[in-house]
Amino acid sequence: KFGNLWFGTFGGVSRYDGQSFRTFTTAQGLANNIVWSITEDKTGNLWFGTEVGVSCYDGKSFRTFTTAQGLAHNTVWSIREDKTGNLWFGTFGGGVSRYDGQSFLTFTTAQGLAHNSVRSITEDKTGNLWFGTFGGGVSRYDGKSVSTITTAQGLANNQVWSITKDKTGNLWFGTFGGGVSRYDGKSFSTFTTAQGLAHNQVWSITEDNTGNLWFGTFG
């Protein structure tokens, strides 16, 4: 909210204020120096998903949550805050955990999740949560039940590494090898190197202020 940029690295997290960098590591209280994901919540706390738990930074100090506090798995690949203020943590092998500020609730394949490794999370315009998994496709949670979409329904690839909602409400799924799929709520359109995409492994997606979409690829 202050306009700083935060970079998650394999050597801690760096904050850039426009002029200089300050780095935070385990020496300052970060859970682990391998940082996979970053999210700022509505109150301004920053959450860092690391290789060994998730750390909450309030601007002064770090508080860490691990499996000891109820987190599904200590490797946290993705974080998303929903419209009601719950935080969702996608983990490597443990499913996804919801944190309401007091306790954790975990969803796995036992509750219908497509796969227990969750690489990406987003919330659509109607409040559904979408979980991009590491091989099971993408799962949608409507607050009551989980449904899954895979290549059988038109998804480009079942490894979904990134998800973004654009300003018109379309969902974009970056896959690991199938390019990127756009979902309008009814059907999929897929874009690959054949349409001009740089590479078919898409690790990150964002929309800029003018509505352009940017795809970060693996190569």
Side-chain angles (χ1 to χ4, degrees), residues 36-37 39 49 71-73 75-83 86-98 104-207 213-219:
W36 290 105
S37 49
T39 286
L71 188 65
H73 192 281
T75 300
V76 178
W77 273 357
S78 50
I79 310 173
R80 176 69 61 174
E81 185 180 30
D82 68 24
K83 62 182 180 182
N86 294 313
L87 284 158
W88 295 80
F89 303 101
T91 76
F92 177 60
V96 62
S97 288
R98 182 183 67 195
F104 289 91
L105 178 66
T106 295
F107 299 82
T108 67
T109 51
Q111 285 75 43
L113 191 66
H115 194 284
N116 284 334
S117 291
V118 177
R119 191 67 179 80
S120 50
I121 310 171
T122 202
E123 187 175 23
D124 68 20
K125 59 184 179 183
T126 60
N128 296 312
L129 284 157
W130 294 78
F131 306 104
T133 75
F134 196 64
V138 61
S139 288
R140 179 179 59 201
Y141 178 62
D142 63 7
K144 296 178 181 179
S145 61
V146 181
S147 57
T148 295
I149 295 174
T150 67
T151 51
Q153 286 77 42
L155 187 66
N157 187 284
N158 285 333
Q159 289 193 41
V160 180
W161 284 57
S162 49
I163 311 174
T164 285
K165 178 188 67 176
D166 69 22
K167 63 181 180 181
T168 62
N170 294 315
L171 288 168
W172 294 78
F173 302 100
T175 76
F176 195 73
V180 62
S181 287
R182 181 184 64 200
Y183 182 61
D184 63 7
K186 296 178 181 178
S187 61
F188 288 92
S189 302
T190 295
F191 302 86
T192 67
T193 51
Q195 285 76 42
L197 189 66
H199 196 281
N200 286 334
Q201 294 179 11
V202 179
W203 279 29
S204 53
I205 311 173
T206 199
E207 185 180 31
L213 284 151
W214 293 79
F215 306 97
T217 76
F218 188 64

Under the ring-ring contact (aromatic ring centres under 6.0 Å, His included) test, residues paired with F134 that sit two or more places apart |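 Applying ring-ring contact (aromatic ring centres under 6.0 Å, His included) to F134 gives W77, W161.
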Mind checking ring-ring contact (aromatic ring centres under 6.0 Å, His included) for F104 and listing every partner two or more places apart, or none if nothing turns up?
->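 F104 satisfies ring-ring contact (aromatic ring centres under 6.0 Å, His included) with F65, Y99 once adjacent residues are dropped.
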Please round to the nearest 0.5 Å and tell me the distance separating atom [atom1] of [X] and atom [atom2] of [Y].
X	Y	atom1	atom2	result
T192	N157	OG1	CG	12.0 Å
F131	Y141	CZ	OH	8.0 Å
R140	D124	CZ	CG	8.0 Å
R80	W130	CZ	CH2	14.0 Å
E123	I163	CD	CD1	12.0 Å
T109	N116	OG1	CG	4.0 Å

Candidate pair L155 and F188, rule side-chain contact (heavy atoms from CB on, under 4.5 Å), full reasoning = CA-CA 7 Å; L155 187 66; F188 288 92; 3.8 Å; yes
Under 3.5 Å, side chain of [X] to main-chain N/O of [Y], donor-acceptor pair present?
X	Y	value
N158	T151	yes
S78	V118	yes
T91	T75	no

Grab the two heavy atoms, one from [X] and one from [Y], that are nearest each other, plus how far apart they are.
X	Y	answer
K165	E207	O-OE1, 4.1 Å
G49	I79	N-CD1, 3.5 Å
G94	A72	O-CB, 3.2 Å

List the atom pairs, with distances to 0.1 Å, where a side-chain N or O of residues 143-150 and a protein N or O form a donor-acceptor pair under 3.5 Å, not counting sequence neighbours.
residue: T148; atom: OG1; partner: S139; partner atom: OG; Å: 3.0
residue: T150; atom: OG1; partner: A152; partner atom: N; Å: 3.2
residue: T150; atom: OG1; partner: Q153; partner atom: OE1; Å: 3.3

Mind telling me whether H199 and F218 have parallel, tilted or perpendicular rings, with 30° and 60° as the class edges?
->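 Plane angle over 60°, so perpendicular.
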Do L213 and I205 have side chains that get closer than 4.5 Å, going by heavy atoms?
->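 Touching, per the 4.5 Å side-chain cut-off.
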